[in-house]
Chemist: 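This structure is in structure tokens; I'll ask about it shortly.
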There are 2 protein chains.
Amino acid sequence: MKIGELAKAANTPVETIRYYERVGLLHDAARTESNYRIYSEAQRDRLIFIRHCRGLDMTLDEIRLLLRFKDSPQENCAQVNTLIDEHIGHVSVRIKELKNLERQLKTLRKTCREARESGQCGILNGLSACPDGEPLTGKTGHVHGAHARKG
Amino acid sequence: MKIGELAKAANTPVETIRYYERVGLLHDAARTESNYRIYSEAQRDRLIFIRHCRGLDMTLDEIRLLLRFKDSPQENCAQVNTLIDEHIGHVSVRIKELKNLERQLKTLRKTCREARESGQCGILNGLSACPDGEPLTGKTGHVHGAHARKG
DNA sequence: CTTGACACTATAGCAACTACAGGGTTTTCA
DNA sequence: TGAAAACCCTGTAGTTGCTATAGTGTCAAG
């Protein structure tokens with residue numbers, strides 16, 4: 001199949017597929033005479049695997065490691081289990097951080113219940129002073145802040 | 001004060017301060033004869049404000065808006081309240097997404113309790129098949145995925 | 001007076017894409 | 001048949017919020 005068909009089959013933008021090839025997640029595709037990429041079903045499955053992992057917010061490096069195990073099915077998968085455990089840990093920590101954040105934001109919001117002059121706004125003043133909670137540390141490894149991916 | 005002192009006072013790397021100036025969050029600083037940046041206490045407070053907002057995971061664009069209100073204290077702060085409300089919304093949605101993610105990962109993890117051959121690994125096989133949950137949508141606006149900021 | 005800590009600019013890099021510009025090819029359908 | 005639409009190609013630059021380097025200049029201490 002051509003790249004556009006693959007894009008539909010794996011629900012992935014064409015540019016992203018080419019990007020994955022460029023960074024070595026997908027092997028270089030075969031080409032037609034006119035230089036179009038041609039994919040097999042195995043390659044489609046590989047892309048779907050990658051997209052599932054991305055859906056679980058793994059980094060491309062983590063996925064690279066998983067793919068190595070997928071490519072050598074006789075090897076021991078202990079490292080896979082470890083990777084998933086660590087990833088769960090990162091996500092859990094991030095949830096705690098965001099809950100803390102949410103609490104701080106709600107506290108802040110209460111300081112200005114209705115619109116008034118900015119100079120009297122409890123929110124702006126609260127942000128100038130020291131907030132009550134701990135700041136985010138970002139020590140968790142690779143779990144993003146509060147803002148969603150573009151995807 | 002010089003940039004190094006400011007960096008300590010606001011607990012912010014020097015490079016980040018220069019970066020904030022470059023992107024217009026901080027006004028261009030005054031300079032000594034030898035071209036060193038010199039900061040007032042008002043500028044230090046502005047930086048601290050920015051860092052508090054970043055600690056609450058706001059984007060630089062959001063902070064820019066807040067700073068505009070801080071700079072014109074006679075204006076009505078309704079938009080500030082809206083911004084915070086929306087931000088709280090983004091964080092809440094992100095928490096839900098990450099909880100869903102955590103659940104999916106834990107389910108996945110259970111499929112391979114102990115190390116064995118990768119070919120038989122339930123995790124790798126689970127990732128090849130369709131996961132039970134919904135994929136992440138990333139529609140929430142600007143709340144990041146599961147990976148932490150470098151901060 | 002030299003060593004070290006600090007300051008400056010400019011540029012490149014990170015993740016994981018996304019979005020062009022500026023071409024070529026293939027399909028469709030009138 | 002022929003033209004337009006839809007697809008494909010490469011290469012490069014942009015996104016966010018920094019971080020890190022290279023190469024240079026300035027200043028304070030001993």
Side-chain angles (χ1 to χ4, degrees), chain A residues 1-26 28-39 47 50-51 53-64 90 135-138 140-151, chain B residues 1-26 28-39 47 50-64 90 135-136 138 140-151:
Chain A
M1 69 189 89
K2 283 191 287 183
I3 198 168
E5 300 168 73
L6 176 63
K8 266 169 210 149
N11 195 27
T12 305
V14 165
E15 293 82 6
T16 302
I17 298 174
R18 287 197 279 247
Y19 169 74
Y20 286 161
E21 182 182 298
R22 210 160 57 242
V23 299
L25 276 178
L26 293 174
D28 287 14
R31 301 290 184 128
T32 65
E33 276 195 352
S34 54
N35 204 32
Y36 283 17
R37 286 175 183 83
I38 290 295
Y39 296 93
L47 176 56
I50 293 169
R51 297 301 279 181
C53 294
R54 287 295 297 137
L56 296 172
D57 243 332
M58 294 176 198
T59 65
L60 298 191
D61 270 351
E62 288 172 327
I63 298 170
R64 239 180 285 270
H90 296 155
L136 288 176
T137 56
T140 47
H142 58 223
V143 182
H144 286 178
H147 300 251
R149 323 200 302 283
K150 302 248 187 72
Chain B
M1 68 188 88
K2 283 191 287 182
I3 198 167
E5 300 169 72
L6 177 63
K8 266 168 210 150
N11 195 28
T12 305
V14 165
E15 294 81 7
T16 302
I17 299 174
R18 286 196 280 247
Y19 169 74
Y20 286 161
E21 182 183 298
R22 210 160 58 242
V23 299
L25 276 178
L26 293 174
D28 287 14
R31 301 291 184 127
T32 66
E33 276 196 352
S34 54
N35 204 32
Y36 284 18
R37 287 173 182 82
I38 290 297
Y39 296 93
L47 176 57
I50 293 169
R51 297 300 281 183
H52 282 164
C53 293
R54 286 295 298 138
L56 296 171
D57 244 331
M58 295 177 198
T59 64
L60 299 191
D61 271 350
E62 288 172 327
I63 298 170
R64 239 181 285 271
H90 295 155
L136 288 177
T140 47
H142 59 222
V143 181
H144 286 177
H147 300 252
R149 327 199 299 283
K150 301 247 188 75

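Keep in mind that this is a model prediction, so the values were computed, not measured. Numbers restart at 1 for each chain; the letters A, B, ... are given by sequence-line order, proteins then strands.
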Chemist: Closest-nucleotide mapping onto DNA chain C: is A:K2 or B:R18 further toward the 5' terminus? I mean the 5' end.
Modeler: B:R18
Chemist: Given that A:R22 and A:Y39 both sit by DNA chain D, which one's nearest nucleotide is further toward the 5' end?
Modeler: A:Y39
Chemist: Compare the minimum distances between each of C:dT25, D:dC18, C:dT18 and the side chain of A:P13, then state the nucleotide with the smallest one.
Modeler: C:dT18
Chemist: Just the rounded figure in Å: distance from P of D:dA6 to OH of A:Y36.
Modeler: 15 Å
Chemist: Below 4.5 Å, heavy atoms only, C-beta onward: do B:Y19 and B:L25 meet side chain to side chain?
Modeler: no
Chemist: With side chains defined as the heavy atoms from C-beta onward, is the minimum distance between B:I50 and B:L26 less than 4.5 Å?
Modeler: yes
Chemist: Between B:I63 (CD1) and D:dG17 (P), how many Å, whole number?
Modeler: 8 Å
Chemist: Without decimals, in angstroms, what is the distance between A:D61 CG and C:dC14 C1'?
Modeler: 11 Å
Chemist: Counting side-chain heavy atoms from C-beta on, which of D:dC18, C:dA7, D:dT10 comes nearest to B:T16?
Modeler: D:dC18
Chemist: Between A:S34 and A:E15, which residue's closest nucleotide on DNA chain C lies nearer the 5′ terminus?
Modeler: A:E15
Chemist: Check this for me: does the side-chain of B:Y20 come within 3.5 Å of the base of D:dG17 through a donor and an acceptor?
Modeler: no
Chemist: Could you state the atom-to-atom distance from CD1 of A:I50 to P of C:dA15 in whole Å?
Modeler: 16 Å
Chemist: A:R37 near the nucleic acid: base, sugar-phosphate alone, or nothing, with a heavy-atom cut-off under 4.0 Å?
Modeler: sugar-phosphate
Chemist: What is the distance, rounded to the nearest whole Å, between atom CG of A:L25 and atom C1' of C:dC17?
Modeler: 12 Å
Chemist: Quick one: B:Y19 OH to C:dA7 P, roughly how many Å, whole number?
Modeler: 21 Å
Chemist: May I ask you to test the B:R54-B:L60 pair for a side-chain heavy-atom distance under 4.5 Å?
Modeler: yes
Chemist: Using whole Å, what does the distance between atom P of nucleotide D:dC8 and atom CD1 of A:I17 come to?
Modeler: 9 Å
Chemist: If you measure from CD1 on A:I38 to NZ on A:K2, what distance do you get to the nearest 0.5 Å?
Modeler: 7.0 Å
Chemist: Of the candidate nucleotides D:dT10, D:dG17, C:dC8, which contains the atom at the shortest distance from the side chain of A:N35?
Modeler: D:dT10
Chemist: Are side-chain heavy atoms of A:Y36 and A:I3 found at a separation under 4.5 Å?
Modeler: no
Chemist: CZ of A:R31 versus P of C:dG24: gap in Å, rounded?
Modeler: 17 Å
